[in-house]
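The block underneath contains the structure these notes are about, expressed in C-alpha cells.
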Amino acid sequence: MTVTEPTHDPAGLTPGADLPSQFVPAQVEGPLYERWIERGYFTAGKPEDADKPPFTIVIPPPNVTGSLHLGHAFEHTLMDALTRRRRMQGYDALWLPGMDHAGIATQNVVERELAKEGLSRHDLGREAFVERVWQWKGESGGKILGQMRRLGDSVDWSRERFTMDEGLSRAVQTVFKKMYDDGLIYRAERIINWCPRCLTALSDIEVEHSEDDGELVSIRYGDGDDAIVVATTRAETMLGDTAVAVHPDDERYKHLVGTEVALPLTNRRIPIIADDHVDPGFGTGAVKVTPAHDPNDFEIGRRHDLPSLTILDERGVVTAHGPFEGLDRFEARPAVVAALREQGRIVAEKRPYVHSVGHCSRCGTTVEPRLSLQWFVRVETLAKAAGDAVREGKVAIHPTSLEGRYFAWVDDLHDWCISRQLWWGHRIPVWYGPSGETVCVGPDEQPPAGEGWVQDNDVLDTWFSSGLWPFSTLGWPDDTPDLRRFYPTSVLVTGYDILFFWVARMMLFGLYAMDGEQPFDVVALHGMVRDKHGKKMSKSFGNAVDPLDWMDAYGSDALRFTLARGANPGTDVPIGEEWVQGSRNFCNKLWNAARFALLNGATTAEPLPPAEQLSTVDRWLLSRLSALVAEVDADYEQFEFAKAAESLYHFVWDDFCDWYVELAKVPLAGGGEPARATRLVLGHALDTVLRLLHPVVPFVTEALWTSLTGGESLVVADWPARDATRLDPAAEAEVGALQDVVTEVRRFRSEQGLRPSQRVGARLAGLDAPGIAAHEPLIRSLTRLEVPEDGFAPTASLSVRTVKVELDLSGTIDIPAERARLTKDLAAARKELETATAKLANTDFIAKAPEPVIAKVRGRLTAAESDLERISAQLDALPAS
RNA sequence: GGGCGCUUAGCUCAGCGGGAGAGCGCUUCCCUGACACGGAAGAGGUCACAGGUUCAAUCCCUGUAGCGCCCACCA
C-alpha cells in the first residue's frame, strides 16, 4: 500500500484521509454512485468477464407512472444485496432494470390528468391520447430512475428496458402469433368481468372480492298454483331473466318443470327448467336465470339453450326496458323492487344479506359480469407445465410454504381473458377482413392490404407483456448473446402478492416460448412492508412513507439495513422511523469503529500473523469473525437477510466495538509487537466485516473500505472465504471468562454506586488459572481498578470463576446494597442447585437422556455448588451494617 | 364455503424438544482521549387457553378462543 498523507476529506472518500466523527450519508452517496457508474462496475457481459459464471436477476418492472414506495425499496435492497454479493463472488452479475407500461393503471392516471383539463381521451382520439401517455411516461419514469440511484441499485443501466419498447413489442407479437397458430389463443363470446367505469374487461385476478352488505328480496313470479318464488340480491337483473331453474329432484316444483311463468314487469313468458346447479336447500330452491349477467346463469343458459338478454350497457345503465331505461344499475335496483312491490310481488321483505362482491382492482367500482366478445388464452396445458416445473424441482419457490398457493392457483386455472378495451398497451395483432376474415399478423409480416381491413381495437392485458419479461428483455425472439448467456435467470425476487399475476404468468410463457426452459431457477418471495404496528401502508390511511424522506434524513444505508433486518423470507416487514434511526446509529457506530481503527494505525498492508504470534484476545476476535463469515455466507445463500444482518449487527456492535476495541486500547498504548499485531487484526477484521456488509449497506462500507485498504472498490473486491482454521474454542473460552470477570466487577461497581471517575484500588488474585492468566491489565483497564498503593486495606471482595478481587472502598461500601445483591445471587444459585439435583435424581432422565445433556446438567450442578459456597463466604465476610 | 398462517418482555418480532432471546422503549449512573446517533449496570415474560405424547414441551399431537391472509360463479 502506498502511504498517503492524511488530508481533510469530509466525505472520507480519499484513502488515508481523516474521517469526521459522524457519518454523513449525503456527502458520500452521490459521489460514490457516480464513481461506480463511471467505472462501469454494473455493466454485465463484458468481454473480460466471459470466463465468469453468469448470474441474472430481472427487476420486477415498476409501473412507469408511479414512484417507488417502501415495498420497492425493500425488494430492491434484496436484489441489490444478492447481485452485489454474486459480483464479489466472481460472477458476471446482471441486474436488469426496466419499467412496465402498466396498461390500465397508467391509462387511468393520464385520463385523470386530462380530466383536470376538462378533457376525456375521446376528445383527443386514440393516437393523440397514446402520444400523451408516452409524454407522461417520459416525465414520470425519471423519478423512479432517480430513486433507484439513491438506493444504490447496482443495475446495468445499459440494458434498461420498457415493456412497450420496440423489441419487447416484437416479443409480444411473436408470442401472440405463435400461440394463435398453436390454438392457444382464441376469441369467444363469454361472460367476463367488466368494469363499468374503466370500460374494459378484466381478468379474474384483477377483481377483488369483499364482503359487502346487500339485500335479499324474494319475488313471486307467476300467479296462483303456478306461482314460484325466487330470491335475489340483484333485483334489476330480473328484467333479463330468461328462465327459472329448480333442482331436478325437488318435489315441490316437479309439476312446474317444463311449464312457463310470466315474468313480472315485462310481458315475457319464461320457462321453468330443472338444473343440477340449483341448491334446493337455499332460499326457496328456485333461481331466476339471467344468462347475460351472471356467469352461473350463463352456463345454465348454455345447457338449456336459453336466450341471453342483455339489459345493461357498458356503463351499467339499463337499456330499452320501459320505465327503467336510462337508470344506472344501482338506481334501477330499488326502482324495480318498488315496481314489484306495487304489484304485490315482493313476498318477503328485503333482508340484510352479506355476500361477496367483486370490485375492479384499479378503481374499486363494482364489477359487472358482462357477456362480450374477447380474446382468451387457453390455459390448461400451459398451466400443467407451470405446475410440473415446480413439482419436478426445476424451479424452487422460497419459502416452500408458499408453494401450496402456487399449486392451488395453477392447478385450477380458468382461461385467461387477455383483451382490454383500452388504448394504452400492445394492440392485438389481428386484422379483420371485409368478408369476416381473421388474420393474425406476425412481427415481420405486413397487415393485409386492401379495402375494408381493420385491426382489432383492443390491447393486451398488461401482464401479457410482463409475462415475457425474463426473455424479452434479453433480446428474444432473436437468438442474442445476452439471451444465451443470461437465460434462464437465476433468482426472481418478488412479493407473494403477485405470485399469480406475474410469477405464474412468466412460468406459463417462459416454458412455452423457451422450449421448456424455465424463466428462473429460484423464486424468492418476500412479504409486504407494513407500518410499525403491522398495518398495511396506504396513502389514504396516511401511514405511507416516501422512501426518499427517510433516505434524506438517515441515509440510504440506514433504510436498506432496516429493510434487510426485517427480511424474514415470505413474511411481512413492519417498519417505523425508530427502526431506521437505529440503523443510522449502527452505520455511525461502524463509521466510528473504523475511525478508531484508522486513528490507531489499523492496516491491511501486511498479512495477518499466524495464530502463535497473536494474543488470546486477537485469536478470540478472529475466531468470532471466522464463525461470522460462515454464518453470514450461509444466511445470504438462503435469502435469510434478517439473520445475516442481525449477526453482522451484533458482531460489529458487541464483539468488535464493545469488547475488542476496548481491549485493544491496552496493547495499542503499550506499543511494540503487540500493538503491531493489534493493528493488523483491527485492519483485517474490519476489512472482512466491510466486505460482508457491503451487499446490504454499500455506501458506508465503500467509503470506509477505500480509506482503510486503499483498494479500488468494494464493488469488485473479493467475497470473504470461509476459514475454519481461525476457529479457536480455547481463546473463546478464555475471553468468555475474562468477560465474566469484567461484567461482574462492573456490576459490583454499579451497585455500589461507584462513579467511573472514582479511583478504586484493587488486588486481583487467582489470575494464574488458565484462561485468566496475564489478563490483569485488560481487566483493570475495562473495570477501572487501580493498582493498590502502599497500605492497601481491602474492605470488600468478590470472586468470579477463579478470580478473587479485593477492593479498597475506603470504608464507603454500601453494605445493605451489597447484602441485597449477594442474597439475590444466593437465591438464584440455590434454585439452580435444586433443579439440577432433582434432574440428576431422576432415574428415567439418567437412563434415557443423551449423554451430553446429562453432562451439561452435571456441570450446572457443580457450578451452582461452587457459586453457593463462594457467595455464602462473601456474605459472611460482609461487615455488619 | 374451502385453504394457509399467527398468538413469546410495554411495542415490533426471532427462536422451536433439554438452562427464555433481539431491537426499540423503560430505570440508574456516566459528556472516560472512536462514537451521547455513545458507554456501563438493571427492571420486565406461568412463551393465548385446555388436554395428550415424552425422562424432558414455548417447541410435537388434539381441541378451544382470538387475530390475519389467500382462494371461491351459490342466487
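What you see is a predicted model, and the numbers here were worked out from it, not measured in a lab. Convention: sequence-line order gives letters A, B, ...; per-chain numbering from 1. Keep in mind that the numbers below use all heavy atoms, side chains included, and drop hydrogens, waters and symmetry copies.
With G18(B), G38(B), C55(B) as the candidates, the nucleotide lying closest to the side chain of V853(A) is G18(B). Across G38(B), C70(B), U32(B), the shortest atom-to-atom separation from the side chain of R784(A) is found for U32(B). Taking every side-chain heavy atom of R747(A) into account, A41(B) is the closest of A75(B), C35(B), A41(B). Between G39(B), A34(B), C55(B), one nucleotide has an atom nearer to the side chain of W653(A) than all others, and that is G39(B). When distances run from any side-chain atom of R565(A) to the nucleotides A75(B), A22(B), C30(B), the shortest one goes to A22(B). Side chain of K643(A), nearest nucleotide from A34(B), G15(B), C70(B): G15(B). With distances taken from any side-chain atom of S356(A) to the nucleotides C70(B), A40(B), A72(B), the minimum falls on A72(B). Of the candidates G23(B), A75(B), U32(B), A75(B) carries the atom nearest the T233(A) side chain, counting heavy atoms from C-beta on. Picking from U12(B), C24(B), A34(B) the nucleotide with the shortest atom distance to the side chain of Y649(A) gives C24(B). Side-chain atoms of H650(A) lie closest to G23(B) of the nucleotides C37(B), G23(B), A41(B).
With V244(A) as the fixed residue, the side chain to side chain contact (heavy atoms under 4.5 Å, CB included) test singles out one of L263(A), V289(A), I270(A): I270(A). The ring pair (Phe, Tyr, Trp, His ring centres under 6.0 Å) with F586(A) is formed by just one residue from the set W579(A), Y554(A), F23(A), Y649(A); it is Y649(A). T237(A) pairs in a side chain to side chain donor-acceptor pair (under 3.5 Å) with only one of the listed residues (R333(A), K288(A), H293(A)), which is K288(A). Considering W416(A), W409(A), Y406(A) as possible partners of F500(A), the one that fulfils the ring pair (Phe, Tyr, Trp, His ring centres under 6.0 Å) test is W409(A).
For G1(B), the paired nucleotide is C71(B), the pair qualifying as Watson-Crick or G-U wobble because both relevant distances are below 3.5 Å. Nucleotide A50(B) has U62(B) as its partner under the Watson-Crick or G-U criteria, with both atom distances under 3.5 Å. Nucleotide A14(B) has no partner under the Watson-Crick or G-U criteria, as no pair reaches both atom distances under 3.5 Å. Summarising the base pairing, A9(B) is matched to no nucleotide, lacking a Watson-Crick or G-U wobble pair whose two defining distances lie under 3.5 Å. The partner of C29(B) is G39(B), judged by Watson-Crick or G-U wobble contacts that both fall below 3.5 Å.
No contact: A408(A) has no heavy atom under 4.0 Å from any strand. If you check every strand for non-hydrogen atoms under 4.0 Å, E211(A) touches a base. Residue V289(A) is out of contact with every strand shown, counting any heavy-atom pair closer than 4.0 Å. Residue contacts shown for D658(A) are limited to sugar-phosphate atoms, with no base heavy atom under 4.0 Å away. R755(A) comes within contact range of the sugar-phosphate backbone alone, with a heavy-atom separation under 4.0 Å but no base atom that close. Note on V278(A): a base of the nucleic acid sits closer than 4.0 angstrom, heavy atoms only. Using a 4.0 Å heavy-atom cutoff across all strands shown, Y496(A) reaches no nucleic acid atom at all. As judged by a 4.0 angstrom heavy-atom cut-off over every strand, C587(A) is placed among residues making no nucleic acid contact. Looking at heavy-atom distances under 4.0 Å, K665(A) makes contact with a base. Counting non-hydrogen atoms under 4.0 angstrom, E662(A) reaches a base of the nucleic acid. Counting any heavy atom pair closer than 4.0 Å across all strands shown, W409(A) reaches no nucleic acid atom. Within the 4.0 angstrom heavy-atom criterion, no nucleotide atom of any strand lies near F586(A). Among the protein residues, K536(A) comes within range of no part of the nucleic acid, since none of its heavy atoms lies under 4.0 Å from any strand. Note on K589(A): a base of the nucleic acid sits closer than 4.0 angstrom, heavy atoms only.
Atoms CZ (R821(A)) and P (C29(B)) sit 19 Å apart, rounded to a whole Å. In this structure, CZ of F748(A) is placed 13 Å from P of G42(B), rounded to the nearest angstrom. The separation between N588(A) atom CG and C35(B) atom P is 10 Å, rounded to whole Å. Between the CD1 atom of I854(A) and the P atom of G19(B) there is a distance of 13 Å, rounded to whole Å. L19(A) has its CG atom 12 Å from the C1' atom of C35(B), to the nearest Å. The CH2-P distance, from W579(A) to A14(B), rounds to 13 Å in whole Å. In this structure, the CD atom of E646(A) is 11 Å from the P atom of A14(B), given to the nearest Å. For H209(A) and C70(B), the NE2 to C1' distance is 12 Å, given to the nearest whole Å.
For R747(A) and D825(A), the salt-bridge test passes: some basic side-chain N is under 4.0 Å from an acidic carboxylate O. Comment: R405(A) does not engage E403(A) in a salt bridge, judged by the lack of any side-chain N to carboxylate O separation of less than 4.0 angstrom.
A gap of 15 Å separates the C1' atoms of U8(B) and G23(B), to the nearest Å. With C1' as the reference atom, A14(B) and C49(B) are 23 Å apart, rounded to whole Å. A20(B) and C47(B): their P atoms are spaced 11 Å apart (whole Å). Comparing G42(B) with C61(B), their P atoms are spaced 38 Å from each other, to the whole Å. G44(B) sits 15 Å from U28(B) when the C1' atoms are compared, rounded to a whole Å. Rounded to the nearest Å, the gap between the C1' atom of C6(B) and that of U58(B) is 15 Å. Rounded to whole Å, the P atom of G39(B) lies 14 Å from the corresponding atom of G33(B).
For the OP1/OP2 pair of G38(B) and a distance below 4.0 Å, the side-chain nitrogens and oxygens of N585(A) include at least one atom meeting the criterion.
Closest non-hydrogen pair, L868(A) versus A829(A), comes out as CD1-CB, 3.8 Å. Nearest heavy-atom pair across P295(A) and P369(A) is CD-CB, 3.9 Å.
Where D572(A) and E578(A) each meet RNA chain B at their nearest nucleotide, the meeting point lying more 5' is that of D572(A). Residue D654(A) is the one, among D654(A) and N592(A), whose nearest nucleotide of RNA chain B lies closer to the 5' end (criterion: closest heavy atom).
R565(A) forms no cation-pi arrangement with F641(A), by the criterion of a distance under 6.0 Å to the ring centre and an angle within 45° of the ring axis.
No N or O donor and acceptor, one from the side chain of Q581(A) and one from the base of C37(B), sit under 3.5 Å apart. A donor and an acceptor atom sit less than 3.5 Å apart, one in the side chain of R584(A) and one in the base of C37(B).
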Evaluate the side chain to side chain contact (heavy atoms under 4.5 Å, CB included) criterion for residues W550(A) and V545(A): first the C-alpha distance (whole Å), next the side-chain angles of each, then the deciding distance (0.1 Å), finally the verdict. CA-CA 8 Å; W550(A) 281 352; V545(A) 174; 3.6 Å; yes

